[in-house]
Number of protein chains: 2
Amino acid sequence: MCSRTNPRSSRTGRPRSTEADAAILEATRAALVELGWSKLTMGDVAGRAGVAKTTLYRRWGNKSELVVDAVAVLFDELELPDLGSLRADVEHVVLQFAALLERPETKTALMAVVAESTRDEPLRRRIRASIVDRQKRLVLEGRMRAQRRGELPADRDLPAVGATDDLIFDVIAGAVVHRALVSAEPVDGPWVARLSALLVGGLGAAATAGTPNA
Amino acid sequence: MCSRTNPRSSRTGRPRSTEADAAILEATRAALVELGWSKLTMGDVAGRAGVAKTTLYRRWGNKSELVVDAVAVLFDELELPDLGSLRADVEHVVLQFAALLERPETKTALMAVVAESTRDEPLRRRIRASIVDRQKRLVLEGRMRAQRRGELPADRDLPAVGATDDLIFDVIAGAVVHRALVSAEPVDGPWVARLSALLVGGLGAAATAGTPNA
DNA sequence: TGCCTTTCGCTACGGGTCGTAGCGTAACTG
DNA sequence: CAGTTACGCTACGACCCGTAGCGAAAGGCA
């Protein structure tokens, strides 16, 4: 949750206030909702949290790091209940993800920190660790379920399975983000149905063809 | 190219310098390469272009609008030569798009302006008009070619065709962007082959199934 | 209990960017 | 030539950044 890996053996001295941590992250989300990314300032967040600006800088080096931590927790709400079929599972998680992207705090923050990360390798790693990689579990779980149901063939070679998982993840997350933020059109039932049909159909075609390329 | 729709009947007075326009946009791209989005300032661009800062503000209201115009022209390089099959066409355009996203000026600018556009409706429209919508031609052309070749069935109902075009566009653009900027892994031959196989397979499955849902 | 360490809120600061205003000059029109 | 608009230049108030220094607060430890 906090930025620095616990300060080297900070067993002595006054401990960091966990209330301040929570207040700052909450204030950051509120500021994102009201002001958006570009107009959010460290001083404003400090004021909302009832905290000195220096307290923010003791924990996070800059705005990007703070916002990543403030938003990351929202992504842990995503779940993948077993709905009985691969296609139903895909549709459900896509709709969940879309609802998350509709929230103003994530909508305005996500693209901004990714943009920033193209010039900031530590930030990119933080985003992956705090947000991206943790959601790949959904793809893994969905694929394994489909294999158990017999909707997808059992694993052929491991590298290909991992590569396909990564591909599906990029396709789903990328398509939803692009639809919601770039095309700025609704990620609604009909669209999700089309996307799911395309994916499930594509996976099925690759499976029946048995081509090593897919 | 320029920001304002030609100033209402500006037939009189000194005309805008087209050399300045070109110099500013070129300077903006150079600044993006060297500094990235967040450290790019209007004053810096003006200095590089050999132009007064006020001249920039006469043309563009803020950094985002300027950068959109500076980057938009790069996207017109995308082409779709007929390579004989739907899959080959898809692979080719994906690789082209990936190469474009590898350039530092587009990589750092694209996500940033999209992020900004979530709180700036005019900017969003500008992005769509200058960049996004103009590339949908590639999807249209590719689909029609595939239909002529018999790889895809002829149009059923028009709305469904348009919706599928939009879906394919979001999937391809979104997946490539996500792979390149979020996952930060290479959009190379093997990955593109997998993506193309997934798409072509999915489109084929939907076609043979003849379901109205896809 | 008293000492040490670290964090706390607060204030203040230099440095930088923003976006605008005002000026005199340059360029083009009729 | 008069009228109009764009130009370069300078200067400005406003804002935000990130840091430093201060005394006070809150823990650990002997």
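Residue numbering restarts at 1 for every chain, and letters A, B, ... go by the order of the sequence lines.
Ion pairing between a basic and an acidic side chain is recognised when a charged N comes within 4.0 Å of a carboxylate O; B/Arg48 and B/Glu34 show such pairing. Between A/Glu77 and A/Arg103 there is a salt bridge, with a side-chain nitrogen of the basic residue lying less than 4.0 Å from a carboxylate oxygen of the acidic one. Salt-bridge annotation for A/Asp44 and A/Lys39: absent, with no side-chain N of the basic residue lying under 4.0 Å from a carboxylate O of the acidic one.
Atom P of nucleotide C/dC18 and atom NZ of B/Lys39 are separated by 14 Å, given to the nearest angstrom. Remark: C1' of C/dT17 and CE of A/Met42 are 18 Å apart, rounded to the nearest angstrom. Atom CG in B/Leu56 sits about 13 Å away from atom P in D/dC9, given to the nearest Å. Distance, B/Asn62 CG to C/dG19 P: 7 Å, rounded to whole Å. One interatomic measurement links the two molecules: CD of A/Glu19 to P of C/dG9, which rounds to 11 Å at whole-angstrom precision. Note: CG (B/Leu66) to C1' (C/dG19) measures 15 Å, nearest angstrom. Rounding to whole angstrom units, CD of residue A/Glu65 and C1' of D/dG18 are separated by 14 Å.
Taking only side-chain atoms of B/Pro15, from C-beta outward, the nucleotide of C/dC28, C/dC18, C/dC8 with the closest atom is C/dC28. In this structure, the nucleotide among D/dT5, D/dA6, C/dG9 sitting nearest to the side chain of B/Arg58 is D/dA6. When each of D/dG3, D/dC7, C/dT20 is scored by its nearest atom to the side-chain atoms of B/Lys53, the top-ranked nucleotide is C/dT20. Of the candidates D/dC17, D/dG8, C/dT7, the closest approach to any side-chain atom of A/Tyr57 belongs to D/dC17.
Ring geometry, B/Phe169 versus A/His178: the interplanar angle exceeds 60°, so the pair is classed perpendicular (tilted spans 30 to 60°).
Judged by distance alone with a 3.5 Å cut-off, no donor-acceptor contact links the side chain of B/Thr41 to the base of C/dC18. Below the 3.5 angstrom threshold, one finds no donor paired with an acceptor across the side chain of A/Thr54 and the base of C/dC8.
At C/dG9, one or more side-chain N or O atoms of A/Thr55 fall inside 4.0 Å of OP1 or OP2 (strictly under the cut-off). When the side-chain nitrogen and oxygen atoms of B/Arg14 are compared with OP1 and OP2 of C/dT29, none of them lie within a distance under 4.0 Å. Side-chain nitrogen and oxygen atoms of B/Arg16 include at least one within less than 4.0 Å of the OP1 or OP2 phosphate oxygen of D/dA6.
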**Request:** Determine, stepwise, if the pair B/Arg128 / A/Glu185 fulfils salt bridge (Lys or Arg N to Asp or Glu O under 4.0 Å).
**Result:** CA-CA 12 Å; B/Arg128 291 202 59 170; A/Glu185 295 188 33; 3.7 Å; yes
